[in-house]
Amino acid sequence: MKRQKLKYLKEVARQRFANFQVYQEPDGPGWIAHGIHREHRTLWTARGSTEREALEILLGFAQPKVEVPS
């Protein structure tokens with residue numbers, strides 16, 4: 001899939017989610033994106049190492065990375 005511009009990802013998120021927010025984690029190095037899905041009426045939250053990654057995961061354009069403890 002073609003990599004979308006950050007501005008486009010934010011526009012799509014605003015269309016799909018009410019109360020959409022994306023911000024840097026206050027206690028960590030990552031990013032959080034969340035909002036209330038307009039169709040499903042449920043809260044969706046995604047975390048990523050970058051703002052783009054958090055948005056892509058929230059929108060379903062990317063899969064979250066799963067860390068397996070050793």
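None of the values given here were measured: they were computed from a predicted structure. We use all heavy atoms of the structure for the numbers below, so side chains are in, but hydrogens, waters and symmetry mates are not.
Taking CG of Leu43 as the reference point, atom CD1 of Ile36 lies at 6.5 Å (rounded to 0.5 Å). Atoms CH2 and CD, from Trp31 and Glu25 in turn, are 10.5 Å apart once rounded to the nearest 0.5 Å. Distance check, rounded to the nearest 0.5 Å: NE2 of His40 to CZ of Phe17 gives 8.5 Å. Here the CG atom belonging to Leu6 is positioned 8.5 Å from the OG1 atom belonging to Thr50, to the nearest 0.5 angstrom. Once rounded to the nearest 0.5 Å, the distance linking CG of Leu9 with CZ of Arg14 reads 11.0 Å. The distance from atom CG of Leu59 to atom CZ of Arg16, rounded to the nearest 0.5 Å, is 5.5 Å.
In the hydrophobic clustering of this structure, Leu55 groups with Trp44; members are Ile, Leu, Val, Met, Phe, Trp, Tyr whose side-chain heavy atoms approach within less than 4.5 Å, directly or through other members. Ile57 and Ile32 fall into different hydrophobic clusters, where Ile, Leu, Val, Met, Phe, Trp and Tyr are joined by side-chain heavy atoms under 4.5 Å apart, directly or via other members. When the side chains of ILVMFWY residues are joined at heavy-atom separations under 4.5 Å, either directly or via intervening members, Phe20 and Phe61 end up in a single hydrophobic cluster.
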*What do the steps show when you test Glu51 against Lys10 for salt bridge (charged side-chain N to carboxylate O under 4.0 Å, His left out), and what is the final call?*
CA-CA 10 Å; Glu51 184 178 17; Lys10 288 180 180 180; 3.0 Å; yes
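Using a distance-only test at 3.5 Å, with no hydrogens or angles considered, a donor-acceptor pair links the side chain of Arg38 to the main chain of Gln15. Listed for the His37 side chain is a donor-acceptor partner under 3.5 Å among the backbone atoms of Glu39.
Shown here for Thr45 and His34, the closest heavy-atom pair between the two residues is OG1-CB, 3.6 Å. Ala54 approaches Ala33 most closely through the heavy-atom pair O-CB, 3.9 Å.
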